[in-house]
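Note: hydrogens, waters and symmetry copies are ignored here, and every other heavy atom, side chains too, is used.
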Number of protein chains: 2
Amino acid sequence: MFELLFKSITDKIEISLIELDSVQSFFTTKKLRRKQYLLQEGDVCKYIAFVTKGVLKSYTIDEKGAEHIIQFATEGWWVSDNYSFLTGLAASYTIDAMEDSELLLITHAAMEEMLFAIPKMEKYFRILFQNNIIAIQNRLVCSLTQTAEEKYKKMNDDYPNIIQRVPQHTIASFLGITPETLSRIRKQRAGKD
Amino acid sequence: MFELLFKSITDKIEISLIELDSVQSFFTTKKLRRKQYLLQEGDVCKYIAFVTKGVLKSYTIDEKGAEHIIQFATEGWWVSDNYSFLTGLAASYTIDAMEDSELLLITHAAMEEMLFAIPKMEKYFRILFQNNIIAIQNRLVCSLTQTAEEKYKKMNDDYPNIIQRVPQHTIASFLGITPETLSRIRKQRAGKD
DNA sequence: TGAGTTTCTTGATCTATATCAATACAATTT
DNA sequence: AAATTGTATTGATATAGATCAAGAAACTCA
């Protein structure tokens, strides 16, 4: 259950088994069925979640009811509405499971306690977030500069795994294009590469 | 010189004056003239920089020589190519000054030393980066969902200050639209609000 | 199993924004 | 002050991708 989290931590910082054991004690586990919510827009994001199994998506919903995907989270990734989690204010993102999933949850209070008890975990999260910034900025550049086809190709190269596990119209939303456009791109591309 | 940095720190964590004094010792100062580079694409990003005066932009350059703005940094903001800074590999962003500017610089080695000497600075950067993620994700959502006019209006609301200090075609690039489109939007909008 | 839902495809049409081009204006530099 | 360079405007035209619409697969779950 905790191996993936421990790996994520030991990849970034030096930490003893005893301390890892202590880290573990601040988390609770949760299973989500496909389509179940972890967080609904307007609620307060009580936990940040580490995915040990499954796929989740976080997204906004516009006036027309269309979803705009912020992030996919699979095994080994964190997911939350950072803004709501930090401030305690209403979340603007919805998070739900796209497959039956298993999570490690930590509340805001438990997080504070953990960081106080094991200060080196600050470093873990600092590095985690720094890597995250790099990834999101990269995605932002792509969204500003690339054509629909280039975006899809890059998605294929970077996250082949996600493409296989997630419906096509959800990929389209993640890339900021319509499902119709993605369908046409795939048709054109068939056979390429 | 260091007041703005100290403010940024004390806004986020509890820290003594003695420790702040120690923080200060890890930085060097630098002045940049308008149009001078802090970092050129392909070089290694040796420093992260805290802006105490002026405006900088970080951007990529495409095959056609067009700039795509990643970020503006004014007084009180950090700027760097995080990826290059962390890995020591070649930077994909260029950073230069749009006004005569003053910076506080810290090298990778000095940063490591500082975080070792004053571990609570990990918390400062963790919070800084967490806030950064919120901001970039927010920008990403806007770039995926909003029209050119909505983007420009939001930019006006969120960063009126930047709009006044930065040429219009650079704002356009930041928003992912052409200068011509921005010019037309401004014409239409004249008188609105 | 089969009725309902969800997802994908394809075609016809529309539109926001890009591109190309020319001019005018403003700000630096010599 | 002239020359150079950078910036903004405006018009004409092109186009990538959106939207609308309808049918075909592909799943799910009673």
message: Within the 4.0 Å limit for protein heavy atoms, which parts of nucleotides 22-30 of chain C are touched? Write it as a string from 5' to 3', B for base, S for sugar-phosphate only, - for none.
response: ---------
message: Measuring from the side chain of B:E180 (C-beta onward, heavy atoms only), which nucleotide among C:dA21, C:dT10, D:dA8 has the closest atom?
response: C:dA21
message: If you compare every side-chain N and O of A:K187 against the phosphate oxygens of C:dT10 (OP1, OP2), does one of them come in below 4.0 Å?
response: yes
query: Between C:dT9, D:dA12, D:dA8, which nucleotide has the shortest distance from any of its atoms to the side chain of B:R184?
result: D:dA12
message: Counting only side-chain heavy atoms from C-beta out, which of D:dA8, C:dT9, C:dT19 sits nearest to A:Q168?
response: C:dT9
- request: Among D:dA8, C:dT9, C:dT17, find the nucleotide with the atom closest to the side chain of B:T147.
  value: C:dT17
query: To 10°, what angle do the rotation axes through the five end pairs on each side of the helix from C:dT1-D:dA30 to C:dT30-D:dA1 form?
result: 50°
message: If you only use heavy atoms from C-beta on, which nucleotide in C:dT19, C:dT17, D:dT7 is closest to the side chain of B:K64?
response: C:dT19
message: Clusters formed by hydrophobic residues whose side-chain heavy atoms approach within less than 4.5 Å: which one holds B:L182, and what are its other members?
response: B:Y37, B:V55, B:Y59, B:I61, B:I69, B:F72, B:M98, B:Y152, B:M155, B:Y159, B:I162, B:I163, B:V166, B:I171, B:F174, B:L175, B:I177, B:I185
- request: Check every atom of D:dA18, D:dT19, D:dT10 against the side chain of A:T181 and return the nucleotide holding the closest atom.
  value: D:dA18
task: Assess whether one donor atom and one acceptor atom, taken from the side chain of B:R186 and the base of D:dT7, lie less than 3.5 Å apart.
output: no
- prompt: Do you see a donor-acceptor pair shorter than 3.5 Å between the side chains of B:Q188 and B:R184?
  reply: no
task: Could you say whether A:I177 or A:K35 is positioned toward the 5' end of DNA chain D, judged by the nucleotide with the nearest heavy atom to each?
output: A:I177
- prompt: Got a second to check how far B:F50's CZ is from B:L5's CG, nearest 0.5 Å?
  reply: 5.0 Å
